[in-house]
**Student:** 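Take this structure, written in structure tokens, and hold onto it; I'll ask about it next.
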Amino acid sequence: MKNREIAELLYEAADILEYQQVEWKPRAYRKAAQMIENLGEDIKKIYERSGKDGLTEIPGIGESIADHIAEYLETGKVEKFEKLKGKAPSGTAELMEIRGIGAKKMKKLADAFGIMNVSDLKEAINAHKLRKLENFGEKSEENLARAVEQYEKSHSRIALGKALPLADEIISALKARCKSARCKVDLAKIIYTGSLRRLRETIGDIDILAEAEKEEALKVMDAFVSLPDVEEVVLKGSTKSSIILKEGTAIDLRVVTPESYGAALQYFTGSKEHNIELRNIAIKKGYKLSEYGLYSKESEKQIAGKSEEEIYEKLGLVYIPPELRESRGEIKAAAKNALPKLIEVGDLRGDIHMHTNYSEGKESLETMIGEAEALGYEYIAVTDHSRSQRIASGMEIEKLKAQWYEIDKLSKRFKIKILKGSEVEILKDGSLDYPDEVLKELDIVVGAVHSGFSAPEKKMTERIVSAIGNRYLDILAHPSGRLLGKREAYAVNFENVFEAAAANGKVMEINSQPSRLDLNDELILRAKNFGLKFCISTDSYTISDLASMRYGLGQARRGWLEKEDVVNTYPYSRLKEVFKKIKH
DNA sequence: GCCGTTTTCGGCCCGACTGTTTTCAGTCG
């Protein structure tokens, strides 16, 4: 899919134009890039179907950008952008990532010292050149030195699975400090906001919000900057402070008064694009929206601000859950009261992808079943690896049958329903790793690709589509194969995969492992357009993995899924019916 | 460069913090 490539191209052009001090155009380019990233459909398909007119129908894309996109799709490059490239430092993108450097300073540095990238910048800092520059001083040089260090340490985003527990930990430490320092704050209102609250798969930094009267705010800030493991206090004020932890994560804290708490929560939760849309609606209605509240433009009186709900309401919108706030059409839907009723954690009745020590899991069958029952599930599926997955102790048929025997025995002791399943390798030729007579005895067949990741797109697509054609396959596990921050998704044509899956009634997995989150939100949205059903599974190896359901659920919500879209919300009898139907 | 039940031209989100300034520009989110 070309969406990502084209968005990158536009972001790059925006950086260069901003460097050239061109006004407004960078914003227009970034907005267009953002829309393309969140399109949920292959832009190439749109262009092939409806030409340039199809492109200009996308909000933020007009005549000119549509031309550029068309040119890129036809020729593989954009002449105008090629010419732009020589007009800014080669390392523009990385320099922009240094905290404290924007377009203006970058230009100054390039003009004065020929600084083209981060390593040039580092040299200049070490030679103490910067402090001689107008409007720079010793302090700004020191700050940039630290910013470069920070960039080198960790300029990548943190996985949700790491950020969420870390945020929980920081917040409880902050609460404890506030309590012992007798700060007058409502502890229940210290919560995380930002992309973390939207449950994005990766987080740039952790944003925390607290509520306190003005005179108490500094006390909260003091508690915050004196937390253990603080490496650096980046800034500290009465409403906003910023720290960096020793392990490299940046954390912001904002403190607002009670009458602004809802507005601040709304504002800091973002996304930025969602907020800009909201503010424009506010302006049209004669209001002004900021992190302090919704105000009448004329009387400057506050109209809303205590809660998020009243802000959305006064703007003529139903409440929009944080996971949807990505400027993907949620505001239009909210205006028409047409938002999906998102799936909730209580809707899930079972976990249908997990491992035991029969293959590479760490716990016994009995332990996993016991824990799942303790979690209140109605059913689970045990899905150990099939025989070809040697590296993961894949099971020969005899061992699989021994597991069935044990499941039958345990079924008498536990109330929870236990489905006999397997995570069956989809072999290179698209066939499955057990013969049909074994597969047909299984309650659930979860098909997965674990090898040959670098195959060309056509080959991988054929492999998966062919497996989907097997009547005994029920679920396609971690369909893109990506490992967050480690391995890119394999090349595969998802249009073909989703089409085949829809035609054969197969279920798409949303794998909840923090390092997978696969399908991701964008692919979920696309798959839903094909009318597909999903399951949210943990792919657990230990009992503590069973709790990672929250991450997969988050992605499902970000993908606009409702209870009905997800088969493991169905009661046991209906679930069995779904998989039976697939086979006959 | 985009967009329009205020506009086809003239707008384009809004406020905090910092550093180097004597009143503000740059950056960030």
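In the text below, chain A, chain B and the rest are named by the order of the sequence lines, each starting its count at 1. Since the model is a prediction, treat every value here as computed from it, not as a measurement.
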**Student:** Between protein and nucleotides 15-22 of chain B, map the contacts as a letter string: B base, S sugar-phosphate only, - none, heavy atoms under 4.0 Å, written 5' to 3'.
**Tutor:** SSSSSS--
**Student:** Between B/dT6 and B/dC2, how far apart are the two P atoms, rounded to whole Å?
**Tutor:** 23 Å
**Student:** Please report, to 0.1 Å, the donor-acceptor pairs under 3.5 Å made by any side chain of residues 162-172 of chain A, with sequence neighbours excluded.
**Tutor:**
from: A/K162; atom 1: NZ; to: A/E247; atom 2: OE1; distance (Å): 3.3
from: A/S172; atom 1: OG; to: A/D168; atom 2: O; distance (Å): 3.1
from: A/S172; atom 1: OG; to: A/E169; atom 2: O; distance (Å): 3.1

**Student:** Rounded to whole angstrom, note down the C1' distance from B/dG19 over to B/dC9.
**Tutor:** 39 Å
**Student:** If you look at every strand shown and take non-hydrogen atoms under 4.0 Å, does A/L278 touch a base, only sugar-phosphate, or nothing?
**Tutor:** nothing
**Student:** If I pick the P atom on B/dC12 and the same atom on B/dT7, what distance separates them, to the nearest angstrom?
**Tutor:** 16 Å
**Student:** Rounding to the closest angstrom, what is the interatomic distance between B/dT18 and B/dC13 at atom P?
**Tutor:** 25 Å
**Student:** By the 4.0 Å heavy-atom rule, please label A/I98 as base, sugar-phosphate, or nothing.
**Tutor:** sugar-phosphate
**Student:** How far, in whole Å, is B/dG1 from B/dT5 if one measures between their C1' atoms?
**Tutor:** 24 Å
**Student:** For A/P26, answer base if it contacts any base atom (sugar-phosphate contacts may also be present), sugar-phosphate if it contacts only those atoms, and nothing otherwise; contact means non-hydrogen atoms under 4.0 Å.
**Tutor:** nothing
**Student:** With 3.5 Å as the limit, what N/O pairs link the protein to nucleotides 23-26 of chain B?
**Tutor:**
none

**Student:** Without decimals, in angstroms, what is the distance between A/I276 CD1 and B/dG11 P?
**Tutor:** 19 Å
**Student:** In whole angstrom, give me the gap between the C1' atoms of B/dT20 and B/dA25.
**Tutor:** 10 Å
**Student:** Taking OH from A/Y29 and C1' from B/dC12, how many angstroms apart are they, rounded to a whole number?
**Tutor:** 16 Å
